[in-house]
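These values consider heavy atoms only, across backbone and side chains, with no hydrogens, waters or symmetry-generated copies.
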Amino acid sequence: QVQLVESGGGLVQAGGSLRLSCTAARRTISGYAMGWFRQAPGKEREFVGAIDWSGSSTLYADSVKGRFTMSRDNAKETVYLQMNGLKPEDTAAYSCAKSSFASTPRSPLQYEVWGQGAQVTVSS
């Protein structure tokens with residue numbers, strides 16, 4: 001079973017940037033779509049974005065479109081989430097996930113392996 005480890009979270013002021021990384025161990029993520037989700041305290045898990053197996057197709061939630069960018073380096077078994085123009089409402093625990101599909105699913109039910117999460121806190 002693949003293991004996913006997120007890194008790069010932290011505290012940033014509104015308008016700032018962070019880049020999250022998600023690195024896979026034990027098994028490859030090549031050939032599968034990857035997604036990012038986030039969950040704020042007291043709220044349901046929210047889809048952030050997804051990237052297809054090749055990295056050529058991405059899908060974003062409306063709330064982050066134009067500010068967040070996903071990319072992947074299959075040789076490094078790593079997926080990235082570049083977050084620019086951060087807002088206080090982006091504060092959440094961000095988790096990456098591996099899909100069982102090659103395309104870009106939005107539903108968490110289409111993801112089979114999850115990372116432990118990285119906290120992102122945006123101060124106003």
Side-chain angles (χ1 to χ4, degrees):
Q1 176 101 334
V2 65
Q3 289 185 331
L4 303 174
V5 178
E6 299 95 338
S7 61
L11 174 65
V12 63
Q13 288 189 331
S17 298
L18 282 174
R19 187 177 80 157
L20 299 181
S21 299
C22 171
T23 301
R26 295 193 177 181
R27 299 284 294 273
T28 184
I29 58 172
S30 297
Y32 299 98
M34 297 292 292
W36 284 97
F37 291 79
R38 66 186 182 185
Q39 187 167 21
K43 295 188 177 181
E44 293 188 355
R45 183 164 52 193
E46 176 188 15
F47 171 79
V48 174
I51 188 167
D52 78 340
W53 70 276
S54 69
S56 62
S57 178
T58 53
L59 177 69
Y60 299 101
D62 288 344
S63 58
V64 306
K65 198 174 297 182
R67 299 187 298 123
F68 290 13
T69 303
M70 286 188 68
S71 60
R72 67 189 295 164
D73 185 337
N74 285 335
K76 294 183 178 180
E77 301 289 356
T78 301
V79 178
Y80 304 98
L81 180 66
Q82 178 66 44
M83 304 182 290
N84 299 328
L86 283 162
K87 305 175 181 179
E89 50 264 43
D90 293 320
T91 295
Y94 285 71
S95 298
C96 66
K98 172 188 169 294
S99 174
S100 52
F101 301 92
S103 59
T104 52
R106 182 185 292 265
S107 168
L109 297 177
Q110 294 175 300
Y111 291 85
E112 57 184 6
V113 181
W114 294 79
Q116 82 289 351
Q119 180 66 36
V120 171
T121 303
V122 185
S123 62
S124 57

Hey, is the main chain of [Y] close enough, under 3.5 Å, to the side chain of [X] for a donor-acceptor pair?
X: E44; Y: Q39; answer: no
X: E46; Y: F37; answer: no
X: S99; Y: Q110; answer: yes
X: R38; Y: A93; answer: no

T23-T78 side chain donor-acceptor pair, cut-off 3.5 Å: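 Yes.
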query: Under 3.5 Å, is there a donor-acceptor pair linking the side chains of T28 and E77?
result: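 Side chains of T28 and E77: pair found under 3.5 Å.
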Face-on cation placement of R45 at W114 ring, 6.0 Å and 45° thresholds: yes
message: Taking OH in Y111 as the centre, count heavy atoms belonging to other residues, nucleotides or ligands within less than 6.0 Å. Is the count above 12?
response: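 It does: Y111 OH has more than 12 such atoms within range.
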task: Please lay out, stage by stage, how T104 and R106 fare under the test side-chain contact (heavy atoms from CB on, under 4.5 Å).
output: CA-CA 7 Å; T104 52; R106 182 185 292 265; over 6 Å; no
query: Taking the six-membered ring for Trp, are F47 and Y60 ring centroids under 6.0 Å apart?
result: no
query: Rounded to the nearest 0.5 Å, how far does CE of M70 lie from CE of M34?
result: 7.5 Å
- request: Measure the OG1-CZ distance between T69 and R19 for me, rounded to the nearest 0.5 Å.
  value: 11.5 Å
